[in-house]
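A quick note: this is a predicted structure, and the numbers were derived from the prediction, not measured.
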Amino acid sequence: SPVRSVRRLGRQPGVQVVGGVDDVGTELQRIDVSVAPLRIARGIQNKVLEAMAAAKPVVLTSKAAAGIGAEDGRDYLVHDTPAAIAGAVRDLLADPSARQRIGDSARRFVAKHHRWDEQMDQYELLVIGARDRSTPARKIHLKLPVLQAANPYRTTTTPVRADFVK
């Protein structure tokens with residue numbers, strides 16, 4: 001369940017706090033813009049990658065963008081003040097072509113740079129160590145989420161959906 005301050009956002013006209021959801025992919029298809037105004041973030045933010053993989057434009061802080069490696073202004077929009085974040089969201093909501101352009105670029109970026117097969121190769125080298133690639137690798141059985149826009153994996157994040165009235 002979202003914290004009290006987030007639940008209070010649901011009192012504002014046009015804002016609906018959803019809480020936990022069974023299928024993040026369904027929720028992502030219902031939004032126009034994803035916002036990740038994180039002030040503290042460690043590691044790559046899967047919630048950002050999920051939105052990008054779903055071809056949604058993302059407005060995020062530099063903390064949330066750290067480690068993703070995408071290009072500000074092309075793959076997402078990075079802003080660190082509440083006023084700048086709100087302005088970027090407002091601009092995207094008013095410009096469907098910008099939403100489409102940034103969302104499409106975000107999806108291409110994730111498909112190219114955050115594929116599980118490539119990530120697993122790096123993980124294998126880290127865990128098993130460098131080995132002769134001509135010999136078969138030992139099997140590593142892990143239950144890992146698959147990042148796909150058509151079927152994003154479930155997370156424990158609490159999405160907040162805002163339905164803006166035009």
Same apolar cluster: Val15 and Val3, side chain cutoff 4.5 Å: yes
Closest approach of Ala88 to Leu77 (non-hydrogen atoms, all atoms of both residues): CB-CD1, 4.3 Å
Steps toward side chain to side chain contact (heavy atoms under 4.5 Å, CB included) verdict (Arg39, Thr61): CA-CA 7 Å; Arg39 292 180 287 179; Thr61 61; 5.7 Å; no
For Gln29 against Ala54, the heavy-atom pair lying closest together: NE2-CB, 4.0 Å
Single-linkage hydrophobic cluster, 4.5 Å side-chain cutoff, Leu38 and Val35 together: no
Partner residues of Asp104 under the side chain to side chain donor-acceptor pair (under 3.5 Å) criterion, sequence neighbours left out: Gln100
Spacing of CG belonging to Asp80 relative to CD1 belonging to Ile85, to within rounding of 0.5 Å: 7.0 Å
N/O donor to acceptor pairs below 3.5 angstrom from side-chain atoms of residues 65-74, sequence neighbours left out:
from: Glu71; atom 1: OE1; to: Arg74; atom 2: NH1; distance (Å): 3.2
from: Asp72; atom 1: OD1; to: Val78; atom 2: N; distance (Å): 2.9

Side-chain (Lys56) to main-chain (Ile31) donor-acceptor, under 3.5 angstrom: yes
Glu27/Arg30 ion pair, N-O < 4.0 Å: yes
Side-chain touch Leu93/Val33, heavy atoms, less than 4.5 angstrom: yes
Shortest non-hydrogen contact between Ala64 and Ala36, atoms and distance: CB-O, 3.8 Å
Shortest non-hydrogen separation from Met52 to Asp75 and the atoms involved: CE-O, 4.0 Å
Check: Leu92 and Asp32 side chains under 4.5 Å, non-hydrogen atoms: no
Those residues that, when tested against Ser97, pass side chain to side chain donor-acceptor pair (under 3.5 Å) (two or more places apart): Asp95
